Amino acid sequence: RLGLALIHANWNEEVKGVKINANITDQYKDKERITTCNGFVSPANNDIQLHINANNTSAELLNTFLGGIFDDIEGDANGTLNVVGPLSDIGLVGDLSANVDMTLHATKVRYHINPADTIHFRPYSFKFDNVRISDKHKNEGVVNGFVSHKNLKNFGYEFNIDMRNLLAYEETQFNPDKFMGRVFAN
């Protein structure tokens, strides 16, 4: 849920596509969330150029892009994100700081991202440079690495985490395909 959207869209002959100007607002837990989106989509030229400005924007939007790796992404994002490129090879470019909680799908562990840190969206990757995370026990780690993709599909990831007693794995129910248990790692 992003909020109430006021969208102005009209055909533009110059770009041979639809120009978009959108303002999305929402009130959530005493915070005003404002998201703007400006730009165009041109099917005739196989092109997209959208500039998104996030101000306490619901991070649930990231579920769309990171849903195969992370589950239940919740929180707020701030910064700018551009959706660019040919429609057949869409890229995300920008920087977002995220006050976010999310579960790493492979390990079932929920982490919190420090809102003072920034995730860098670059063509074919989302980069984490010294991003501080914490688990539900308040143990902390520092993440460096990236999520790679091709046209927001075929995701892969490579992370290096400097951690001290960070919850790294948690399977609380018996599952014949996995080990049941809890692992804290250094």
Side-chain angles (χ1 to χ4, degrees), residues 1-9 20-39 41 48-84 90-149 152-153 155 157 159-163 166-168 170:
R1 170 185 163 184
L2 289 178
L4 178 64
L6 177 59
I7 302 171
H8 295 277
I20 299 167
N21 183 353
N23 290 302
I24 305 163
T25 58
D26 189 24
Q27 194 71 33
Y28 180 76
K29 294 184 179 178
D30 297 328
K31 272 190 202 176
E32 185 174 32
R33 294 177 161 178
I34 301 170
T35 307
T36 60
C37 178
N38 300 295
V41 178
I48 185 169
Q49 302 280 329
L50 294 175
H51 177 77
I52 300 167
N53 188 25
N55 183 3
N56 294 322
T57 297
S58 173
E60 291 176 26
L61 175 66
L62 296 175
N63 283 303
T64 305
F65 306 116
L66 300 174
I69 298 167
F70 297 101
D71 298 323
D72 303 319
I73 300 172
E74 299 175 322
D76 303 322
N78 291 284
T80 60
L81 190 63
N82 295 294
V83 182
V84 297
I90 295 174
L92 299 175
V93 179
D95 298 306
L96 292 177
S97 61
N99 183 15
V100 170
D101 295 304
M102 59 188 172
T103 302
L104 183 59
H105 181 75
T107 65
K108 306 283 192 231
V109 177
R110 191 149 184 87
Y111 295 109
H112 176 76
I113 294 179
N114 187 306
D117 298 332
T118 301
I119 300 170
H120 307 284
F121 292 78
R122 300 297 180 257
Y124 309 114
S125 69
F126 312 135
K127 295 179 71 176
F128 294 72
D129 293 325
N130 296 313
V131 174
R132 292 167 289 168
I133 62 170
S134 58
D135 64 24
K136 66 184 179 182
H137 304 286
K138 305 294 185 212
N139 300 320
E140 297 182 346
V142 177
V143 177
N144 286 287
F146 61 89
V147 175
S148 63
H149 66 89
L152 302 176
K153 297 178 186 165
F155 288 96
Y157 51 92
F159 291 112
N160 208 353
I161 305 172
D162 182 16
M163 61 184 107
L166 187 71
L167 184 60
E170 184 170 49

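Since the model is a prediction, treat every value here as computed from it, not as a measurement.
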What verdict does the side chain to side chain contact (heavy atoms under 4.5 Å, CB included) test give for Val142 and Val131, after you've listed the backbone C-alpha separation in whole Å, the side-chain angles of each residue and the deciding distance to 0.1 Å?
CA-CA 5 Å; Val142 177; Val131 174; over 6 Å; no
Okay, side chain of Asn63, backbone of Ile73: is any donor-acceptor separation there less than 3.5 Å?
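Indeed, once roles are kept as given, a pair shorter than 3.5 Å links the two residues.
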Can you check whether Arg132's main-chain N or O pairs, donor with acceptor, with Asp117's side chain at less than 3.5 Å?
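Here the side-chain-to-backbone pair exists.
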What residues, two or more places apart in sequence or in another chain, satisfy ring pair (Phe, Tyr, Trp, His ring centres under 6.0 Å) together with Phe121?
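Per chain and number, Phe121 pairs via ring pair (Phe, Tyr, Trp, His ring centres under 6.0 Å) with Phe126.
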[X] [atom1] to [Y] [atom2] distance, which is reported to the nearest 0.5 Å:
X	Y	atom1	atom2	result
Asp135	Leu166	CG	CG	5.0 Å
Glu74	His112	CD	NE2	12.0 Å
Thr25	Asn56	OG1	CG	12.5 Å
Leu4	Ile24	CG	CD1	9.5 Å
Leu167	His137	CG	NE2	5.0 Å
Ile20	His8	CD1	NE2	12.5 Å

Which atom names give the shortest non-hydrogen contact between [X] and [Y], and what distance separates them?
X	Y	result
Pro115	Ser97	O-CB, 3.5 Å
Val93	Pro123	CG2-CD, 3.9 Å
Asp71	Arg110	O-NH1, 3.9 Å
Arg122	His149	O-NE2, 4.3 Å
Val100	Ala59	CG2-CB, 3.6 Å
Asp26	Gly3	CB-CA, 3.7 Å

For residues [X] and [Y], determine if any side-chain heavy atom of one lies less than 4.5 Å from a side-chain heavy atom of the other.
X	Y	result
Thr103	Phe70	no
Ile52	Thr35	yes
Met163	Asn139	no

Verdict with supporting geometry, Ile90 and Val83, side chain to side chain contact (heavy atoms under 4.5 Å, CB included)
CA-CA 7 Å; Ile90 295 174; Val83 182; 3.6 Å; yes
Among residues at least two apart in sequence or on other chains, which ones pass side-chain hydrogen bond (donor to acceptor under 3.5 Å, both in side chains) with Asp76?
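For Asp76, the residues satisfying side-chain hydrogen bond (donor to acceptor under 3.5 Å, both in side chains) (neighbours in sequence not counted) are Lys31, Arg33.
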Can Asn38 and His51 be counted as having a side-chain donor-acceptor contact under 3.5 angstrom?
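On atom types as modelled, these side chains do not qualify, holding no pair under 3.5 Å.
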Out of the candidates Asn55, Thr57, Asp95, Leu96, only one should pair with Asn78 under the side-chain contact (heavy atoms from CB on, under 4.5 Å) rule; please name it.
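Only one option passes, and that is Asn55.
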Qualifying residue for ring-ring contact (aromatic ring centres under 6.0 Å, His included) with Phe128, from Phe159, Tyr157, Tyr111, Phe146:
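Only one of Phe159, Tyr157, Tyr111, Phe146 forms a ring-ring contact (aromatic ring centres under 6.0 Å, His included) with Phe128, namely Phe159.
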